[in-house]
Amino acid sequence: MSIGFTNTITTRASNSVLISPLRLQPRPISHSQKNSSVMLQNTSQQSPVGKNLSGDTLPPPKRKAVEMADSEDESDVSLHGINRVSPALNGSKKISKKARLNRPPFRSKSTANDLLRQREELPIWTGRETLLKEICQSDTVVILGETGSGKTTRKHYTFRFVLILTDLLEVPQFLLEGGFAKDGIIACTQPRRVAATSLASRVAAEQGVTVGTTVGYAVRFDERSSPETKIKFLTDGMLVRELLGDPLLSKYNVIIVDEAHERTLRTDFLLASLKDIQKRRNTNKLIERRLNPLKIVIMSATLDAERFSQYYNNAKILNIKGRQHTVKIYYTAQPQEDFSEAALKTFFQVHVTQPPGDVLIFLPGQEEIESLQQSVRMYANDLPHDKMQVIVCPMYASLAPSLQNKAFIPTPPNTRKCILATNIAETSITIPGIKYVIDTGFCKEKSYIARERGSAVESLITQPISKSSAMQRAGRAGRLLKCLGQSPEDVDFMDPPDPDYVKVSLLNLFGLGALDSKGTITDTGRKMASLPLETSFARSLLAAQENGCTYEVLSIISITSASAKLFIDSSETREAAYAARQKFVHPSGDHIVYLNVLRAYRDIAKQETIRGRKEWCRSHFINERAIKESEDIMEQLKRVCEKLQIDWKASSGENVEPILKSLVRGLHQNVALLHPDGQYKQIQDRTAVNVHPGSSLSGRKVSCIFYEELIFTNRTYARGVSSIPVSFIAELPSYQFRAA
DNA sequence: GCCACGACC
């Protein structure tokens, strides 16, 4: 194995196990490459799905099952067929350099007609009629894309790439072409924003329209749809939000729930709501009111399909077998100590030995991506001139959108794109032209551990549950009188949340004033549910309305709701950053610091150029992206406030008392008192908390603190901490619970 | 005297 750069990796290898040249093991996903087949078959009645998945022993198709020999050579591996430039290149393993250079940029070729021809070659097309017929006949259909023989997680990822991006993407278009959108919209929900937006662009291109016309999308802060929109991709959270305003989702004829197997609380809640809505809409009474029956299409990639089917009254399961070997996956022969280095080597091995095609590398996080990005660039520069160029595209959620887009830009001729992604791309990103996937295997393991740790933490778990049940209550309350007073225990979840957590969260909602003592939603609760915020901050905002400081509290909430951290923090710059931050400090603690930063930035923004703002942020170690995101959130919150007739302009000026009072109202459970032994103890259960060293209150002792969240590492740390007089908490319900 | 990552509204 000769890779010129192997010897030059020294620094990191010296203190880790030196990796001998990697033995690559290309493992096709499908166990039966040569004759992989397409099955579109109803399997729900007679045979359990599991049998079909476990091997090739599918029962003889009862209905219209279609089998098709795989006509594609294995080396033709374009997702969507996008990088299939000319038929001459198709399927040929060796592409001459000349041919590569002659490749036209594919964008000019990607007319809707070309795309249609490519689409028609997809396996799922052979089962198009069956699929439409089934959806026509049944209220609910479950589409299962099978994962092939082995079911390791890694294979699973790749499977999703292939099937969802090629075949399952056809489903909304079939429905459109099959007339399901004549007087209503076909919705397709996605768990992630980037999936919703990129799928919309892809389908728009295939339909030969621009995004926002027939094909559109809706995600937070970004909606591109119009009255003519027929296929709408949206995040599941967005659809839940629409539920609040339109409890029967009346403008939708079909709702496709993609990636249903991911089973977050949001999707579970959505699935339960859809089931309920379908029951209501598909009764005669409502048909009289001219509401179309609702069709539900569940797309799942796992054996969960059977459970989905049971949940929806034995809905039919359509089993799609697709070309599953269109992406090669490479593992290293042995587990690698230094996965970054292993990934680097593997990439260049692929690069110098394999035919054109882009490479996707999964890495655990931003840091690893940034470092690997540098390494790849460095080594790519040293490659002989007859090798392909390398373009490195980082891809992680907190990356600026413009930089993220780089990965979606078609790869120029004689070039290989190297996409470095976190598990943002794990499921449903549409990156055309990916041919090789290198999975360090690390991101999954890491996140698994994190999740275990997370689930041990009560406060982290109960939060989303409480939010969801608040919404659910609001959604139900909005429906009509008669649904009022339904308790969340009555909602027909596939897997009901742990009753203990439900109890805790209901108690919290009661403490926030969102529920009355009978468990009925209050006006306050209804308002809270219509704010796109955690329940705690939603309550803080309403308190701010009473206290006349909505502007300040909105600002603070916006900062804390942004995904990026406000302060840039790394061990090297920590001291400088600390010094720069001093000009924003306030004796009360972190929340007023946020406010001060935001105020300062807004002043700067008024007079400075974009470059000036950047420079200001840099010199103060402030993350401008966090500020921009928070200003986006603020704008959105302002609009919601206007709808709810909350005056967002009310300001308490320099008086911080009402601000802190409002914040602690929502965070009433996150309060700790200083005990004589010098430790802070939570008022609820008297367990000890420590102020996080990153907090401006670190090292100071004050009598009473409240905080945004607890982080459990070696010790229990409170982050986002402010000091308040003890008198502020006397009237808080949690304090009264404690006394009682 | 300090641990992530990712996702949604």
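Quick note on labels: first sequence line is chain A, next is B, and so on, each numbered from 1. Any value given below was found using the heavy atoms of this structure, including those in side chains, with hydrogens, waters and symmetry copies removed.
- In this entry the distance linking CG of A:Leu697 with P of B:dG1 reads 17 Å, nearest Å.
- Rounded to whole Å, the distance from CD1 on A:Ile369 to P on B:dG6 is 8 Å.
- Taking the six-membered ring for Trp and the full ring otherwise, A:Tyr594 and A:His586 have centroids separated by 6.0 Å or more.
- In this model, the phosphate group of B:dG1 is not approached by any side-chain N or O of A:Arg574 to a distance below 4.0 Å at OP1 or OP2.
- Side-chain proximity of A:Gln636 to B:dG1, B:dA4, B:dC9: nearest is B:dC9.
- Among residues two or more places apart in sequence or in another chain, the side chain to side chain contact (heavy atoms under 4.5 Å, CB included) test is passed with A:Lys565 by A:Arg719.
- Straight-line distance from the CZ atom of A:Phe221 to the P atom of B:dA7: 14 Å, rounded to whole Å.
- For B:dC2, the OP1/OP2 oxygens have no side-chain nitrogen or oxygen of A:Lys565 closer than 4.0 Å.
- The side chain of A:Arg266 sits closest to B:dC8 out of B:dC2, B:dC8, B:dC9.
- With a 6.0 Å radius and a threshold of 12 heavy atoms from other residues, nucleotides or ligands, A:Tyr578 has its OH atom at or below the threshold.
- As a whole-Å value, the separation of A:Glu370 CD from B:dC5 C1' is 13 Å.
- The interatomic distance linking A:Asn690 (CG) with B:dG1 (P) rounds to 10 Å, in whole Å.
- When the P atom of B:dC9 is taken as reference, atom CD of A:Glu223 falls 11 Å away, rounded to whole Å.
- No donor-acceptor pair under 3.5 Å is formed between the side chain of A:His620 and the backbone N or O of A:Ile622.
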Start with the C-alpha gap between A:Lys638 and A:Glu635, add the side-chain angles, then the distance that decides, and say whether salt bridge (charged side-chain N to carboxylate O under 4.0 Å, His left out) holds. CA-CA 5 Å; A:Lys638 282 179 188 172; A:Glu635 283 308 311; 3.0 Å; yes
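- The side chain of A:Pro532 has B:dC9 as its nearest neighbour among B:dA4, B:dC9, B:dC8.
- Here A:Ser698 does not reach the OP1 or OP2 of B:dC2: none of its side-chain N or O atoms lies under 4.0 Å away.
- Taking atom CZ of residue A:Arg193 and atom C1' of nucleotide B:dC8, one finds them 9 Å apart after rounding to whole Å.
- We find that CG of A:Asp590 is positioned 17 Å from P of B:dC2, with the value rounded to whole Å.
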